Amino acid sequence: MILALLASGLVFAALTPRAVQAQAEYTVSGMIADTQGGGLSGAMVVALAKPDSVLTRFTTSNGSGAFAIEGLGAGEYVLQVTLLGHGTVRQDLSLTGEDVNVGTINLEVMAVEMDPLVVTLDHVPFLNRRDTLGYNALAFRTRPNATVEDLLRQLPGIEVENDGSITAQGEEVENVLVDGREFFGGDPTMATQNLPAEAVDRVEVYDKESDMAEFTGIADGEEERTINLELKEEARSGYFGRTSGGLGADVENASVSPGFGERATARLPATSESGTVAGGIPYAGALSINRFSPATQLALVGSANNVNQAGFGWGDAMSFGGRDFGRSGGGDDGLTETAMLGLNVNHDFGGNDDNWIRTSYRLSALDNFQNETRRQEQLLGTSASSLVDRATRTDTENASHRVNLNSQFTLAEGHELRLRGNLNARTSLLDRVDFQDTHSGTGQFLTAAATNYDVDSDDVGGDARLTWRKRLDDSGRSLFAEARVNLSDSDRLTNLASSIEGNVENPRARAGDVLQEQTNIGQTLTHSVRLSMTQPMPAGSMLEVYGERSATDEDENQSVFDIGPDGRTLNPLLTSGFERTYSYLRGGFRFNRTNEAGRLTFGVRVQSSNLEGTILDRSEEITNGYTHVLPNAEYRLQLDDMRTLQFRYSTSTREPRMTDLQPFVDNRDPLRIREGNPDLQPEYTHRLRTEYRFFDTFSFVNLFTYANVSVTTNDISQARTVTERGLQTISPVNLGRAWSADGGASFGTPLRWMGGQVDVNYNLGYSSSNEFVNQVENLSRSLSHTVGIELENRAKEDYDVRGGAKVTLSDVSYSLNEELNEDYVNSTLYGSADVHLGAWTLGTEFQWRLYDQDLFGPGRNVALWEASLQRRILNDQAEIRLVGFDLLGQNQGVSYTNSPGFIQERRVESLTQYVMLNFTWYLGNRSMAGAGGRGRGGDRSRR
């Protein structure tokens, strides 16, 4: 019913205004010339509807000065013509029953500032070039003191998740640049969450090429989806920033239990954690100071809070603790306290962009508490399934140091050197208590397990890349070289205690106890050298020939001691060591041809790889060699000023990870024991991606689409051995082919008849993969559809109102046991409003997440409501803001996961009701200083 209503509303909104306009549409044409009668190209010709001068249609004059504005309805207009360096001309225009030719309009040369009524290209929202999609920030209104992240949430085709991660046209954004310069090592959220939206003039989305590809001018398939923030002229000089602090109070019921798995949850030990990680007064403080000049960018940022604001990029959060920690903290992932301090320095030497340095340092700390429950429906065989209730309590403490360096030096004309490096040091502590009960599909008890383990780990790593270019002659022939090195070192100590109940004779009998101390020490060194030469070819083409050698050396040692009455005893069955070396020889060519209409690149690489491994405790050697042919191609076509089309085909191999190859046993989950497989072979993957972008500069209708397909042969999947009681042993194996595909479309159009804007999004995801369960093959398929619609007002001076819905339909099937096939629907309804009353702003936001009640039985939906009252004071130099978060006391993190072996619902106790009073002081250039945030839960999401 929701989908039907949304579809009906969309059709009505999209077709109604067109039907009205179709009754009477006229064209206004003419010529723009100087006072001597010579045609002027690039003049902006705008039709403003009377009486309120609303922009209706516009165009620009062509090379001879001719113009034509089409699609105007009958009525009274002001025809306005502007051109930089010339006086503005306006004349009344009346359209009644026919097209109008206004003849020649002459512009006088004038070096004066245009008055505020002039409509310029600044307000055209998109600029669509061959390889770049540009958004004009002035065309997307944000609330006062908004961050760049708030601005990005309004841009069609860009999705910003609650954790700050960004997706643009279906690809994850890996870099955010500021005026083309890296900002804190390219970590996206450092720029988007700490820079003010008011400082941005234009947002550009493109695929940033690697250092080698930038030097050669030929794409090498290592592009990264990148956002570049072009600043306004006044923000490029001077300093701006903010400092803020807030204190709050918890509401008494500020802890929401996840909501199912009561029996497993009841076995968890009691805890005092509630509401915030510190268990006390909610607080938040932040500092952001930026000092920019044409040659230098300096930025100092810092933050500390216990209300789930990350304060740093997810590159830090995901790296905490290596394999033991995921995206702990932030968003709805438990209760989090963080602190961060960072310094970024960018400098261009000699006043040009040939010699420069970009460097940054960050100190980050994150403490996270999670109280979660999971419910899994597992596939155990052709006629067997299980339902797992799992309750977990996790405490983590993490600290990280990160240094980034990127520099370029010009040794002589046509002779450059670029150095890039990163250094990371992390310490992590984890304490986890886990209880799980497993029942058969018919309700019979199978097993129960209790696990407690704590981990103390230290990780140090770094990488460096040196790229060199030397032009050999005036024809453009050049020589290139690149050397890379990557080093990581990890040391982990784990204390494990676990017990299992359940055996065939007596299901409630204790089946096994484990009390162990485990140490893992591992090192990895990767190094490579590459040499290539480019040769100019006819018709603007370029040919590159290259060769490369690389190697990866890894070793890891695991020592396991059983703890008993007599102390520590070495367990020889679980103690092992493994060493491996992967070496590669690569050679090939790439051809590139670029012109105004587009770019064509294709190439072929031949790769020979060799594996040499040793299992230390067995004195067993593993050797394998492989040869692969890896073609790639890319074609970008600018169809016209409004349409761009792109195709990209690539191939790649993926060698097994160290954890897949090493014959270690991972018994931290006693019901799912994992061990490696030294006989794994590399995967081979084909990928095809296509993008289409369309923007109509007359109607402001936009359409962005993308589609991806990948096929993997020799897919590394898993084989599971399942006992009668549901105990599993899992090992990676090579199976057949795995397929995946995804695509999406984003459509937006103004609704001028109601003063609104509608955006519609659709995303499709499909995957197919195999696994073995007790030596029987299972083919799993997953299909999902996500439909979203959002409506907002266009004139936002007095108020900003938006609302929408997102519906996700998922379908999962298993060939081994069709009784487990499931289809379910989850949806989100949301709305927000900001009302500006002079210096006061009243804001509210509501989100209602609805979850399928048939998948795991009745469950609790989540309603999240926030309200705020803001007052600008001291001539807008400061503001006071009162926020009430989760006024209904229902917030919790909920996620659904599909895999070849199970369907899972996960619920995490999350930060709930609090109120906070926040004070913010803006520093420096006031017009650019507005970098305040909405506080926890106040971010605008394009859902």
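Quick caveat, the model's predicted, so the values are computed rather than measured. Positions are given from 1, in the same order as the sequence printed here.
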**Request:** Would you tell me whether S64 and N62 have side-chain atoms, one donor and one acceptor, within less than 3.5 Å of each other?
**Result:** yes
**Prompt:** Does a donor on one side chain and an acceptor on the other come within less than 3.5 Å for T581 and D553?
**Reply:** yes
**Item:** Residue pair I716 / N734, side-chain heavy-atom distance below 4.5 Å
**Value:** yes
**Prompt:** If you measure from the Lys or Arg side-chain nitrogens to the Asp or Glu carboxylate oxygens, is any gap between E230 and R236 under 4.0 Å?
**Reply:** yes
**Request:** Give a yes/no verdict on a cation-pi contact between R781 and Y766, requiring under 6.0 Å between NZ or CZ and the six-membered ring centre and an angle within 45° of the axis.
**Result:** no
**Asked** Quick one: do the N677 and S731 side chains pair a donor with an acceptor below 3.5 Å?
**Response** no
**Prompt:** Using the benzene-type ring in the case of Trp, are the ring centres of F602 and F591 under 6.0 Å apart?
**Reply:** yes
**Message:** Just by distance, no angles: are the side chains of E777 and N770 close enough, under 3.5 Å, to form a donor-acceptor pair?
**Reply:** yes
**Prompt:** Is there a donor-acceptor pair closer than 3.5 Å between any side-chain N or O of T359 and the backbone N or O of N404?
**Reply:** yes
**Item:** Given R471, K470, R477, the one that forms salt bridge (Lys or Arg N to Asp or Glu O under 4.0 Å) with D473
**Value:** R477
**Beyond-backbone contact of T651 with N632, side-chain heavy atoms, under 4.5 angstrom** = no
**Residue pair S652 / R687, side-chain donor-acceptor N/O under 3.5 Å** = yes
**Item:** Electrostatic pair R420:E482 at N-O distance under 4.0 angstrom
**Value:** no
**Request:** Report yes if the side chains of I357 and N346 come closer than 4.5 Å at any heavy-atom pair, otherwise no.
**Result:** no
**Request:** Might you point out which heavy atoms bring A168 and V205 nearest each other, and give the distance in Å?
**Result:** CB-CG1, 3.8 Å
**Message:** Less than 3.5 Å apart, any donor N or O on the side chain of Q523 or S488 sitting next to an acceptor on the other?
**Reply:** no
**Message:** Ignoring hydrogens, what is the shortest heavy-atom contact between H347 and R358? Give both atom names and the distance.
**Reply:** O-NH1, 3.7 Å
**Message:** Working to the nearest 0.5 angstrom, can you tell me the gap between S784 OG and N898 CG?
**Reply:** 8.0 Å
**Message:** As an exercise, state the distance from OG1 of T189 to CZ of F183, rounded to the nearest 0.5 Å.
**Reply:** 11.0 Å
**Request:** Could you tell me whether R202 and D179 have a side-chain N and a carboxylate O separated by less than 4.0 Å?
**Result:** no
**Prompt:** Is the closest basic N to carboxylate O distance between R225 and E174 below 4.0 Å?
**Reply:** no
**Complete:** In V200, V178, I227, the residue satisfying side-chain contact (heavy atoms from CB on, under 4.5 Å) with V148 is V200
**Message:** Does either side chain, that of S740 or that of S710, offer a donor lying less than 3.5 Å from an acceptor on the other one?
**Reply:** yes
**Asked** Is there a donor-acceptor contact under 3.5 Å linking the side chains of T685 and T712?
**Response** yes
**Prompt:** Which distance, rounded to the nearest 0.5 Å, do you find between the CG of L543 and the CZ of R590?
**Reply:** 10.5 Å
**Modelled atom types, side-chain donor and acceptor of S532 and E544, under 3.5 Å** = yes
**Item:** Between T786 and T808, a side-chain donor and acceptor under 3.5 Å
**Value:** yes
**Item:** NZ/NE/NH1/NH2 to OD/OE distance under 4.0 Å, R580 and E554
**Value:** yes
**Item:** Ion pair R593/E634, N-O distance below 4.0 Å
**Value:** no
**Item:** Donor-acceptor pair between S550 and R586 side chains, under 3.5 angstrom
**Value:** yes
**Request:** Indicate whether the side chain of T594 and that of N592 have a donor and an acceptor atom separated by less than 3.5 Å.
**Result:** yes
**Request:** Return yes if a side-chain donor-acceptor contact under 3.5 Å exists between Y684 and H628, otherwise no.
**Result:** no
**Flag for E224-N175: side-chain donor and acceptor within less than 3.5 Å** = yes
**Heavy-atom pair of closest approach, residues S360 and N344** = CB-OD1, 3.5 Å
**Message:** Quiz question: by atom type and distance under 3.5 Å, do the side chains of N763 and Y706 form a donor-acceptor pair?
**Reply:** yes
